[in-house]
*Asks:* 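My questions all concern the structure below.
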Amino acid sequence: MESSGDKPTNNPHPEQAPDESFGTLKYQLLGPSLTKAGQDSVDQQKVSEIIYNASKGSKFFNHEQDRDRNLTLKIERILKEKERLDRLDLSSELRRADEYLAELEISRDLSQHVIHVDCDAFFAAVEELDRPELKTVPMAVGKGVLTTCNYLARKFGVRSGMAHFVAKRLCPQLVLLPLNYDKYTAKAKEIRAIMAEYDPLFESASIDEAYLNITSYCDENNLQPDEVVERMRAEILETTKVSVSAGIGANAKIAKIASNLNKPNGQFQLPNEREAIMAFMRDLPVRKVNGIGRVFERELESIGVKKCGDIFPNRAFLTKLFGEKAFQFLAQCYLGLGRTKIEPVENHERKSVSTETTFHDIGDREELRAKLWWAAQELEKDLARTQFKGRTLALKVKLHTFEVLTRQTAPSRPVFLAKELYSFALPMLAKLEKDIPNMKLRLLGLRCSNLVSTQKVGINFFGIATQPKPVTAPASEPSPVSPSGVNADHEICAEEAFEAAARQEIQDEMNDLERLSQEIPDVSVAREPEGSAAPEVVETPPMWDCPICTRPQIADDRTFNEHVDFCLSRQTIREVAQDTTEETSLIPHNSRKRKMLSQAGVPEIDPKQKRLFFQ
DNA sequence: ACGGGACCA
DNA sequence: GTGATGGTCCCGT
């Protein structure tokens, strides 16, 4: 559409970025919860000014600025691509889109009454129950960043997700309370007990949100949906003293949007009628839809999609610009469609278990290992609680610059013990330390995915599924143990010889790992609290000299090859950087190598453009 | 299929 | 002085 106002900033001096980029950056700094209720009477202009000035110069700010610049560039590419598509014959795309819309229309189900219930300023409300005097002052809950705040605080522009010191700048008299999760969990339980009366199969979306399908309740009690919701909200307020807001509609998407419209302590119903739904969506800003955040909002806005109604005239472009899934999602937004199936979260299959902690910047290798060991222990606890092992282990770090990196590995068997987690994660950390000179972290985390359940059907110590009763024909009864059947390739075999072999194999592997852990010879992690034993330190392993960098490396095949690979890739980059041809496109998009190059002024070729072009 | 980044709630 | 946890999608290889 119009591309005049959104020139990209190719400015090599970000601190002198032209004025036009301030708008988007300030908008970004307003945070993710801009659309939350209670902000209507706030002067957003003034608020963003204060936030901007409070944040300016911080590492967080610089990182946000980077992200904003990259997004602006990405949008520039989107616009270019849209221009190109405008000149093309898109009739087949158009037909495809219309066919999909027709298909969706056929699937429209207006027979269900779904509601979304959302507690008003939940954590703050619970705190106010204990200390009623807090009701009359602006107050927020959460250390570091605010998790929530009461409506008095929102009048000042204070919002959830906002940093402590920024909130204080906006509202110096703001009262800050520490988090008290146990209290909130207990209160949430009371509320859920009431919701269960209306739909025993209700779905908890978070600690203070839930979806219910009240169709049956309406029928059985001969009540209208809004009457049911009035009744439920009154019951919740009376017995738990917490006020909730609710949205009522034909599906979860509408209900979620609607629950925000009359907040706090209100409800909104959108009738189960196609015309009413279409009209409602037509004028609804896309950002109000669950799943469209700050970034996608800006991308859509750039091609002229501000409201869900704007999706239709752009339907032929969406797949090419944003991908098939995004197109399908947006098509459902346009039509006001969403899921009507509401079910308990326990029915959902868990995909990952993770832990992470933020701390002051740490560059010290031993301190980092201590943090890793701590994370490993935390993850072991969580895995034990949830009864899972992981076939994939990921290390997540956030650099002192707020840049986030993840590295993952697939251990040869499912892991869950802190010692295993640590051992498999350490080489990834060590590699990062090698790749990133002077690496300083502000966050470190571990995640297990590709989960294997250790529940129900016995899984013995070595991660091999065992049957409760001896079964001779394993193929006859597929094991229900793991949600996605990931256990299928585990032969069910109780023979002792097999077990002995497995035991030996695992022992060998642990030995290997302990050697791997010694990659940095002076590593020691044994001094952590809680008395649990960290992997022991063994003597220094044999060393070989790397043919590239000539420094001595551990003579373990895997370790050594990894190191050499890294050295080689480094060399390649140096060579590529020297000759400034399109060779740079060989370097992965978004890699820090590419960033290093782009900072050095080496031109980039955007792989996405290529994808769009050749699609 | 997998690893990694980005986004979202 | 800017959180924790978990899910999804997309891209490149």
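Residue numbering restarts at 1 for every chain, and letters A, B, ... go by the order of the sequence lines. For the numbers below, each heavy atom of this structure counts, side chains included, while hydrogens, waters and symmetry mates do not.
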*Asks:* Within this structure, what is the NZ-to-C1' distance between A/Lys253 and B/dA9, rounded to whole angstrom?
*Replies:*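 Those two atoms, NZ and C1', are 15 Å apart.
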*Asks:* Can you name the residues that form a salt bridge (charged side-chain N to carboxylate O under 4.0 Å, His left out) with A/Arg96, not counting sequence neighbours?
*Replies:*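 Per chain and number, A/Arg96 pairs via salt bridge (charged side-chain N to carboxylate O under 4.0 Å, His left out) with A/Glu93, A/Glu324.
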*Asks:* Starting at CZ of A/Phe296 and ending at C1' of B/dC8, how long is that distance when rounded to a whole Å?
*Replies:*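 Rounded to whole Å, this separation is 12 Å.
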*Asks:* What is the separation between atom CD1 on A/Ile292 and atom C1' on B/dC8, rounded to the nearest whole Å?
*Replies:*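 That distance rounds to 11 Å.
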*Asks:* Just checking, A/Lys253 and A/Phe329: is the charged tip under 6.0 Å from the six-membered ring centre and within 45° of the axis?
*Replies:*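 Yes, A/Lys253 lies over the aromatic ring of A/Phe329.
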*Asks:* Going by salt bridge (charged side-chain N to carboxylate O under 4.0 Å, His left out), name the residues that satisfy it together with A/Lys341, two or more places apart in sequence or in a different chain.
*Replies:*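 With sequence neighbours excluded, A/Lys341 shows a salt bridge (charged side-chain N to carboxylate O under 4.0 Å, His left out) to A/Glu343, given in chain and number order.
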*Asks:* For A/Leu261, what residues pass the side-chain contact (heavy atoms from CB on, under 4.5 Å) criterion, not counting sequence neighbours?
*Replies:*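 A/Leu261 satisfies side-chain contact (heavy atoms from CB on, under 4.5 Å) with A/Phe268, A/Phe280 once adjacent residues are dropped.
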*Asks:* Once you apply a heavy-atom cut-off of 4.0 Å, does A/Glu324 come out as touching a base, just sugar-phosphate, or nothing?
*Replies:*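 Sugar-phosphate: the residue A/Glu324, judged by heavy atoms under 4.0 Å, touches backbone atoms but no base.
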*Asks:* Could you tell me which residues satisfy side-chain contact (heavy atoms from CB on, under 4.5 Å) with A/Asn62, sequence neighbours excluded, listed by chain and number?
*Replies:*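 By the side-chain contact (heavy atoms from CB on, under 4.5 Å) rule, A/Asn62 matches A/Gln65.
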*Asks:* Grab the NZ-C1' distance between A/Lys74 and B/dG5 for me, whole Å please.
*Replies:*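 So the two atoms are 11 Å apart, to the nearest Å.
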*Asks:* Can you name the residues that form a side-chain hydrogen bond (donor to acceptor under 3.5 Å, both in side chains) with A/Lys168, not counting sequence neighbours?
*Replies:*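 side-chain hydrogen bond (donor to acceptor under 3.5 Å, both in side chains) list for A/Lys168, sorted by chain: empty.
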*Asks:* Whole angstrom is fine here: how far is it from CG in A/Leu330 over to C1' in C/dC9?
*Replies:*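 It works out to 13 Å between those atoms.
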*Asks:* Whole-Å distance between C/dT13 C1' and A/Gln408 CD?
*Replies:*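 Taking atom C1' of C/dT13 as the reference, CD of A/Gln408 is at 14 Å.
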*Asks:* Let me know the distance between CG of A/Asn70 and P of B/dA6, rounded to the nearest Å.
*Replies:*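 One finds 8 Å between P of B/dA6 and CG of A/Asn70, rounded.
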*Asks:* Indicate for each nucleotide in nucleotides 2-7 of chain C, in 5' to 3' sequence, whether protein heavy atoms under 4.0 Å reach the base (B), only the sugar-phosphate (S), or nothing (-).
*Replies:* BBSBSS
*Asks:* A/Arg391 CZ to B/dG3 P: how many Å, rounded?
*Replies:*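 Result: 13 Å.
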